[in-house]
Amino acid sequence: MAEEHVGPSEKQIAVHWREEEYYQPSPGFVAQANVNDPAVFERFSLENFPECFREYAELLTWDKPWEQTLDASNPPFWRWFTGGRLNASYNCLDRHLKSSRNKVAYYFIPEKEDDPPVAVTYQELFVRVNEFAALLADFGGLKQGDRVTIHMPMVVDLPVAMLACARLGIIHSVVFGGFSGKACADRIVDSASHILITTDGYYRNGQWLNHKEKADVAVEEAAKAGQTVEKVLIFDRHAGRYQSETPLVAGRDYRITELLASYRGARVEPVSMLAEDPLFLMYTSGSTGKPKGVQHGTGGYLSYATATSKYILDIKPDDVYWCMADIGWITGHSYIVYGPLALGVSSILYEGVPTYPDAGRPWRIAQRFGVDIFHTSPTAIRSLRMLGPDEPGRYDYHFRLMVTVGEPIEPDVWRWYYNVVGKREAVIVDTWWQTENGGFLCSTVPALAAMKPGSAGPGIPGIHPVIFDDAGQEVPAGSGRGGNICIRNPWPGIMQTIWNDPDRFVRTYYAKYNTDPNSKDWRDWPYLAGDGAMLADDGYFRILGRIDDVINVAGHRLGTKELESAVLKIGDVAEAAVVAAVDTIKGTSPEVYVSLTPGITPSEELKRRIIDTITQEIGPIAKPRMVWMVPDLPKTRSGKIMRRILSAISNNAEDIGDVTTLSNPEVVAGIQQIVKQRSEG
Ligand code: WT7
């Protein structure tokens, strides 16, 4: 497996890390926290598994109580709260109307700072969700179990569309707005969606982006793969005005503003779903070029997102909560939409980039709205720090709790977050989890444990992580050795399966450490997360990064194979390999190595074509930092490209590792020479 490790090596990371001192939550924080009794760990011990999770489900309103907390009879296809019935949109909207319909659900903040913020109450969100659900059912002809692809930026219409689907039992598949039309097409095809929901355009970094043109590409590309999109439903970024330069296609494209006229005041009964009915798909990258459709269920997922929002984010009814992630990723699904709305809190929904028009923007928003819980990624923290190291001190806001998620955070960056952004008043939770998990896995419970910069912390209540070595032996705490982090037990937020590919689900997450595929005992099915990690004496996990062909760029997950297959579409490229290089802002950034077909010489023009192709096939987030055109790629005798060596070169490692198993060790020096010119030139 070592050959396939493309991220920075454990050794490289270790250079920058040492044991860190603890930071204690303040007595004031502890006194008010939703969870401040250490007995929670006893309640959620393995002896009390799985019944401990009833307490999570009890945070929701059920149409019909569940019969069994966990049906584990068909591992690893866990079924939570079986027999129970509920509706996710009911839990996020209807149930709040009686006591707090006039409470703000979202403060929408346009990227343009002069444009006024828009407050959307729970009542208003309820009305919009109902009207849009009526449109989907009637005009869209959609019904329970159908899939719909939603390709949208950060606007309130996105949660409206998601909740309208949830209301009808339609499975939504939200594609991150920054993904290309082609990437959207792949997801339309895999989920067999007949309807695409999109928008005319949006603002990003001060620019108006034409988004509708991506819908045209998506529909065309999906058609080539045999999937017909019958209708494209288009929201307007500016109510009542269609502002894309891309024309509407008659009989296929419809403006939602116009259609809604027929559904004013419509109310749609929420469909009572079984707990185990799927709620949504979220495509994420894996080891192959094909993204996997991670399928989340209704009852288990919603219980988990809601409970972790309450216990780890410490959300209370009067908070103003702001998660800066994009709803197009799992963080946004669980911690902008489902968890916070189920708890009935007021959230900020910000359209744009954190540093627009300057690095003071987030702090102005925090000051203006009285944000007291703030949730973001190390990449955002790094760039805010670089562009405005003293900005937070200029604004009068006070956070009680702050979150970091998505990548390992360097202790130095953590300390700036704590001292400067949090003004030493806020506790920090470093939450480790994945698209597949539905919600947090490792984090300190904020009132119950000290913070340690750079370490996520122990498993949260009910989560029992363990590190195994490649041979399946447990790596003990404090050994100083890394290994593969796994979770011993199922939990309600775990994905149900990979859409259309249950075998891949079992293979990817369970096959490695399952010794008996026929075992019906959940203890024989540890979940393999795909991250390397170390466990310190104190029980805190430090996440080292992916162990597979996945790279993490600014907290976005990309498959190296996806980038490579994009590059290989160019005829002039013979072979391609993508590695992750350490980047001061993005954590890591992709670098592409290519060898060219005979007769083709390296040129700036070809380099540009490679970059453009990646942007078209995947999106700007996958844009490589460097493209290296080299005579040949290092290969094993069996012809496998040794990405480990390229990664070492890109990361300026002193020791590039063993090259004796290469069939062509002589190419290494030449590649090093080419890459060295970067630092010299
Ligand atoms: C991968 C999952 C789930 C939130 C967004 C990312 C990395 C996530 C942390 C953290 C170190 C982290 C892991 C994981 N990751 N959180 N707190 N510390 N690494 O979701 O796109 O599914 O990516 O992000 O490598 O496997 P995702």
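Start at 1 with the first residue, then count along the sequence. One-based numbering, in listed order, for ligands and for the atoms of each.
- With sequence neighbours left out, Trp432 forms a ring-ring contact (aromatic ring centres under 6.0 Å, His included) with no residue at all.
- Between Tyr304 and Ser334, the side chains place no donor N or O within less than 3.5 Å of an acceptor N or O (distance only, hydrogens not considered).
- Sorted by chain then number, the residues whose non-hydrogen atoms approach ligand 1 to under 4.0 Å are Ile330, Thr331, Val405, Gly406, Glu407, Pro408, Asp430, Thr431, Trp432, Trp433, Gln434, Thr435, Asp531, Ile543, Arg546, Asn552, Arg557.
- With sequence neighbours excluded, the residues satisfying side chain to side chain contact (heavy atoms under 4.5 Å, CB included) with Val506 are Pro76, Phe77, Trp525.
- Side chain of Trp78 to main chain of Pro492: no donor-acceptor pair is present (N/O by atom type, distance under 3.5 Å, no hydrogens or angles).
- Side-chain contact, Arg557 with Thr284: a donor N or O sits under 3.5 Å from an acceptor N or O.
- Screening residues 544-565 for ring pair (Phe, Tyr, Trp, His ring centres under 6.0 Å) gives Phe176-His556, Trp329-His556 as the qualifying pairs, with residues at least two apart or on separate chains.
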